[in-house]
Every structure is written in C-alpha cells, then in structure tokens.
K.L.:
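Following this message is one structure expressed as structure tokens.
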Amino acid sequence: MAVYRTRVRLIGEIMSYAEVGASVSDMARRAGASYYRVSSLLRTLACQGLVERAGETYRISPRGRDFLREYQTFRQYSESIGMTV
Amino acid sequence: MEAYLELALNVAGFAVGLCIGVMSAIGYRNTASPTLLRLSMAFISISVGFLAVWVGYALELLPSGPGGPGWWLETLGVGVQTLGYFFIAFSHGLKSFFPKSRYLRGVGAFPLFLVSTVQLNHILRSVSFILLVYAAIETILSYVESRNRGAVSVAAGLAMLALGEFLGWYSAVFPESLLYPVSLVIKIAGLVALFLPVSRIPFRRIRFDPGPAG
C-alpha cells in the first residue's frame, strides 16, 4: 500500500542517507522516490549548505547535521502527538 | 473566591497553550514542517482564547452586566479556542470529511444566522467538543499503529479537554454549581497532559529555507 510522505519527511530520509554519503540513484532507490525528485531536493539542500557534493556522492555538512538532529527531534515530537512531520 | 479561581485557571491555560505553541513554532522554523505550523497555530489560538475568556470574565465582574463587552469577549475567546481545536483536528485529516459541494457548505453555515447570540457560546463549545473527541480518537488510533507512549498522554489530554468543554457547556443548566470551575480544572489538566511530550524538546535555532525546487 502506498504511504503518503511529506516533502519534509523525504528530506529527512535523504539527509540520513547522506550521513554516510550516497549517490542520487542510491538515495532514490532506498527512499523509493523518483530520481528527478531526489536530485531536485539534493540541489536545493546543497544550495542551503546542508549537503556537500563530492563527485557523484552527496555527503551531509555540519550544518546539515544540525538540521537532521532537529528534524529527528521534532519528528519524534510529532509522532508522540499522533502526527507525522 | 470562585471568580479568582476561574481567572487563575484561564491564565494557566494561556501560559501552557502559549508555551506549546511557541515550541511548535520553533519546530516549524527549524524544519519547515507544515504539521508543526498547524500545531503552533492551534495552540497559540487556544492560548489567545484562554486570555480572551480571562479578560472577558474580568470585565464581566465590572458593573456593566451581562450582554456587555465582557460577555462578547468571552464568546470571542471560546470561538478562538474552537479555531485552535479545529487546527488540531485538521492536522489529523479532518479535511477529508468536509462537505465537498458549495450547497452543503451553505447549509452548514446557515444555522449560525438563526441562533440568538446567547446560544453562540454553547454552539462553539459543542463544536469544540466534537473536534476534540475526533482528535482524541485519531490520536489513540495513531498510538495503536506507532506504540509511541507520548500519544497516550496527548490522547488523554485531548479527551480531558473534550470533557472540560462538555462540562463547560453543560454548566449552563446549573449556573450556580461548580461545573464550570471543574471544567476549567479538567481543561488545564488536559493541557498539562498535552505538554508532557512537548517538554522533552530541546531549544535550538537554525534557519532552513526549503527553496523553490522540489
């Protein structure tokens, strides 16, 4: 069954994959999202300084780690209220 | 003495609602999550509603009497609280139950023009009750799926808010009884139960701009 996933939630998933470094196609496959959508989000995240590109691999930046920590905290908070981020 | 108790409880409701609202707003600022935006709007509305009811009640103590600005401010406060409860229910997917056609929307709004202003307060309380019961049931269902303990506290909080609204509405039948202060105590207890999962959130500030792409 398809599960609706918000844009913020997909960003959180991509950021967690970028913790160890991954290519666009690898992230798209693991997230179950289209290559175009993941690529577009990664470009936005790179512009914001949340991920860094090294060749074909995207890796999380120090600022991105701060965001990911916040995302995980507020995701847990939202789930405790019975909602999704 | 009872009047002071009611004023104190409204102030407490204002403080708790504002605290949760601000925390959710910080969450929205840091993650750009629409859910957290709706939550912040919900709890800030509830907070402002409590404040308005408090000020309205204080004005009613003045010699102007019933039907004066204090009464209207109280009704406005209950209305703003209802708006806050709507945002909570909306976050649980209430929009899917909205009537689709314009005709049904018109019929749904029509009774508001038929009732007298005296009944408006009671209608708002009954709407709040329905929204809160819906949100409490949805939260319990989400607990069944996620087994997140915080959801139990939140569901209990929403249920207590619903009970408080019901007793607040029912107090019109017994105006001199303790039902209204009891309803306020139950509502504050509900807000505290809602506050428990929120109290674990650390404060931090990061700017995240989602950008145009996506």
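Since this is a predicted model, take the numbers as computed values, not measurements. First the proteins, then the strands, lettered A, B, ... as listed; each starts at 1.
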K.L.:
For the CE atom of B/Met23 and the CZ atom of A/Phe74, what is their distance to the nearest 0.5 Å?
P.N.:
8.5 Å

K.L.:
Show the nearest heavy-atom pair for residues B/Ala151 and A/Glu79, with the distance to one decimal.
P.N.:
CB-O, 4.4 Å

K.L.:
If you measure from OG on B/Ser33 to CZ on A/Arg75, what distance do you get to the nearest 0.5 Å?
P.N.:
11.5 Å

K.L.:
Kindly give the heavy-atom pair with the smallest separation between A/Val8 and B/Thr31, and that separation in Å.
P.N.:
CG1-O, 3.6 Å

K.L.:
Please flag which part of B/Leu194 lies under 4.5 Å from any non-hydrogen atom of chain A: side chain, backbone, both or neither.
P.N.:
neither

K.L.:
Just wondering, more than 12 heavy atoms not from A/Glu19 lying within 6.0 Å of its CD?
P.N.:
yes

K.L.:
Just so I know, are the side chains of B/Asn30 and A/Phe67 near enough to count as touching, which here means a heavy-atom distance under 4.5 Å?
P.N.:
no

K.L.:
Do A/Met83 and B/Leu36 make a side-chain contact, defined as non-hydrogen atoms from C-beta onward lying under 4.5 Å apart?
P.N.:
no

K.L.:
OH of B/Tyr28: more than 12 outside heavy atoms within 6.0 angstrom?
P.N.:
no

K.L.:
Let's go through A/Tyr77 and B/Ser24 carefully: what are the C-alpha distance in whole Å and the side-chain angles of both, what is the deciding distance for side-chain hydrogen bond (donor to acceptor under 3.5 Å, both in side chains) to 0.1 Å, and is it a yes or a no?
P.N.:
CA-CA 9 Å; A/Tyr77 161 64; B/Ser24 298; 2.7 Å; yes

